[in-house]
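Presented below is the structure to which this report refers.
By convention in this document, chain letters (A, B, ...) are assigned in the order of the sequence lines, proteins followed by strands, and residues within each chain are numbered from 1. All figures in this text were calculated on a predicted structure; none of them were measured in a lab.
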There are 2 protein chains.
Amino acid sequence: MITPSETWLEQLHDNGYRITAARRAVVDTVFGSTHALTPSEVFDTARKKYRALGLVTVYRTLEKLEELHLIQRVHQPLGCQAFISAGHGHQHLLLCQQCGQVEFFEGDDLDALTKSIARKTGYQIQEHWLQLFGLCANCHS
Amino acid sequence: MITPSETWLEQLHDNGYRITAARRAVVDTVFGSTHALTPSEVFDTARKKYRALGLVTVYRTLEKLEELHLIQRVHQPLGCQAFISAGHGHQHLLLCQQCGQVEFFEGDDLDALTKSIARKTGYQIQEHWLQLFGLCANCHS
DNA sequence: ATAATAATTGAAAATGATTTTCATTAAGGA
DNA sequence: TCCTTAATGAAAATCATTTTCAATTATTAT
Ligand SMILES: [Mn+2]
Ligand SMILES: [Mn+2]
Ligand SMILES: [Zn+2]
Ligand SMILES: [Zn+2]
């Protein structure tokens with residue numbers, strides 16, 4: 001674990017947010033998950049750690065974690081409500097279509113492509129979304 | 001216009017769907033739009049062409065057009081409910097962050113990248129999503 | 001052209017996800 | 001420990017989408 005979930009709590013604290021049992025439960029659930037989780041899935045899991053948790057608090061906590069760039073929304077063919085720990089620096093996602101596992105990768109070089117497209121279209125290209133889908137080592141073979 | 005909107009109606013017909021005034025209005029609205037449109041936006045525009053149109057029919061027609069691959073959903077930072085005419089063959093989207101104009105481009109070559117990622121991660125990569133964001137010629141300059 | 005049929009329609013109701021409201025609780029600095 | 005104020009969960013409200021259903025209409029068979 002490169003970033004202990006404690007760091008997320010510290011970050012919340014450093015940004016003026018309080019550390020509560022509800023937030024601990026949500027943070028502990030989302031941090032370290034290898035699958036993107038919807039608010040409802042976070043709720044189900046986090047409630048096992050903190051029974052009194054409310055779904056509303058899950059929404060509110062995810063909102064703050066996203067605002068601090070600690071988590072990011074994952075767009076998938078079947079829905080775009082799930083979240084995962086954010087990558088560090090410029091990274092992209094690789095998703096297993098079978099089991100839903102999420103990995104990050106980096107090292108894509110789209111400079112030649114974006115320059116070529118910019119020239120052809122007249123666009124000033126600012127950013128890109130790239131995502132790979134496939135089968136993880138466990139799911140194929 | 002490479003594909004007249006008549007073709008969309010023909011396609012609907014060829015797939016056993018009937019041609020109705022409501023569907024004409026939706027098809028005429030979505031076909032040829034240079035911006036991705038939400039169901040509600042389609043409704044507002046299409047209703048000008050066919051006053052009796054119901055929002056439900058917009059949802060149902062978009063569903064069929066997507067099923068026939070005539071339109072495709074557009075994922076954006078602010079939402080993923082909008083649709084645009086589908087590209088032909090293997091193409092990706094280029095979106096203007098200012099005015100929302102959508103263009104297609106092709107010719108990306110991700111083979112080297114996907115092979116490298118496959119080797120490093122053990123994934124069997126099946127497909128990719130790539131989208132560029134920027135400012136169109138009108139919006140910058 | 002007419003009639004028969006089955007798909008399509010729009011309104012209304014139902015559903016599901018997310019947001020807002022609000023009285024109560026509790027974090028954390030003084 | 002006390003005080004202030006952020007945070008909480010329940011309930012209600014909102015918003016997007018889907019389902020239901022009786023009426024309408026496109027298409028096929030006559
Ligand atoms: Mn990149
Ligand atoms: Mn491609
Ligand atoms: Zn897998
Ligand atoms: Zn523009």
Side-chain angles (χ1 to χ4, degrees), chain A residues 6 8-30 36-68 70-71 73-83, chain B residues 6 8-30 36-68 70-71 73-83:
Chain A
E6 280 302 316
W8 286 18
L9 295 171
E10 277 172 34
Q11 291 245 35
L12 283 169
H13 187 259
D14 292 350
N15 283 80
Y17 296 121
R18 294 178 179 178
I19 311 277
T20 67
R23 284 175 181 166
R24 275 180 202 285
V26 171
V27 162
D28 285 352
T29 298
V30 179
L37 301 172
T38 62
S40 161
E41 288 168 338
V42 171
F43 179 61
D44 290 341
T45 303
R47 200 154 52 137
K48 288 172 190 152
K49 303 169 201 253
Y50 179 62
R51 244 19 243 69
L53 182 65
L55 177 58
V56 196
T57 298
V58 172
Y59 276 95
R60 289 189 280 224
T61 303
L62 291 176
E63 190 176 62
K64 283 164 185 63
L65 293 175
E66 188 180 25
E67 169 194 321
L68 298 179
L70 297 173
I71 62 173
R73 185 177 295 271
V74 177
H75 298 258
Q76 287 182 270
L78 288 178
C80 308
Q81 311 78 27
F83 292 88
Chain B
E6 280 303 314
W8 286 18
L9 295 170
E10 275 171 36
Q11 292 245 36
L12 283 169
H13 186 259
D14 292 351
N15 284 81
Y17 297 120
R18 295 177 178 179
I19 310 278
T20 67
R23 284 176 180 164
R24 275 180 202 287
V26 170
V27 162
D28 285 351
T29 298
V30 178
L37 301 172
T38 62
S40 162
E41 288 168 338
V42 171
F43 179 61
D44 291 341
T45 303
R47 202 155 51 139
K48 289 173 190 152
K49 305 170 200 252
Y50 179 63
R51 272 266 132 257
L53 182 64
L55 177 57
V56 195
T57 298
V58 172
Y59 276 96
R60 288 190 281 225
T61 303
L62 291 176
E63 189 176 64
K64 284 165 183 62
L65 293 175
E66 188 181 26
E67 169 193 322
L68 298 178
L70 297 173
I71 63 174
R73 186 177 295 269
V74 177
H75 297 258
Q76 288 182 268
L78 288 178
C80 308
Q81 313 78 26
F83 293 88

For this session: Rounded off to whole Å, could you give me the CZ-to-P distance for the A/Arg60 and C/dA17 pair?
Result: 18 Å
Exercise. Can you tell me if the side-chain N/O atoms of B/Arg23 get under 4.0 Å from OP1 or OP2 in C/dT8?
Worked result: yes
For this session: Indicate, with a heavy-atom threshold strictly under 4.0 Å, whether B/Tyr50 touches base, sugar-phosphate, or nothing.
Result: sugar-phosphate
Exercise. Quick one: does A/Arg18 reach the base of C/dG29 with a side-chain donor-acceptor pair under 3.5 Å?
Worked result: no
For this session: Find the distance between CD (B/Gln76) and CD (B/Gln81) and round it off to the nearest 0.5 Å.
Result: 9.5 Å
Exercise. To the nearest Å, how far apart are A/Leu62 CG and C/dA17 P?
Worked result: 15 Å
Exercise. Stepwise, does the side-chain contact (heavy atoms from CB on, under 4.5 Å) test hold for A/Leu9 with A/Glu6?
Worked result: CA-CA 5 Å; A/Leu9 295 171; A/Glu6 280 302 316; 4.0 Å; yes
Exercise. Roughly how far, to the nearest 0.5 Å, is the CG atom of B/Leu65 from the CG atom of B/Leu70?
Worked result: 5.5 Å
For this session: Look at A/His13 and C/dG29 and indicate whether a side-chain polar atom (N or O) is within less than 4.0 Å of OP1 or OP2.
Result: yes
For this session: Report the distance from atom CG of B/Leu53 to atom P of C/dT8, rounded to the nearest whole Å.
Result: 15 Å
For this session: Would you indicate what B/Ala21 reaches in the nucleic acid, counting non-hydrogen atoms under 4.0 angstrom: base, sugar-phosphate, or nothing?
Result: nothing
For this session: Using atom OH of A/Tyr17 as one end and atom C1' of D/dA7 as the other, report the distance to the nearest whole Å.
Result: 12 Å
Exercise. How long is the line joining CG of B/Leu65 and P of C/dT8, in whole Å?
Worked result: 13 Å
Problem set entry | Distance in Å, A/Glu63 CD paired with A/Phe83 CZ, rounded so as to fall on 0.5 Å steps | 9.0 Å
Problem set entry | Whole-Å gap separating C1' (C/dA27) and CG (A/Leu9) | 13 Å
Problem set entry | Distance below 4.0 Å between A/Thr20 side-chain N/O and D/dT8 OP1 or OP2 | yes
Problem set entry | Upstream residue (5' side of DNA chain D) when A/Leu55 and B/Glu63 are each assigned their closest nucleotide | A/Leu55
Exercise. Nearest-Å distance, CG (A/Asp14) to P (C/dG29)?
Worked result: 11 Å
For this session: Would you kindly give the CZ-to-P distance between B/Arg51 and C/dA11, to the nearest whole Å?
Result: 11 Å
Seminar exercise, completed: Of the listed D/dT18, C/dT9, D/dA10, the closest approach to the A/Val56 side chain comes from D/dA10
Exercise. DNA chain D: B/Tyr59 or B/Ile19, which has the more 5' nearest nucleotide?
Worked result: B/Tyr59
Exercise. Is the backbone N or O of A/Glu41 less than 3.5 Å from a side-chain atom of A/Thr45, with the two atoms forming a donor-acceptor pair by type?
Worked result: yes
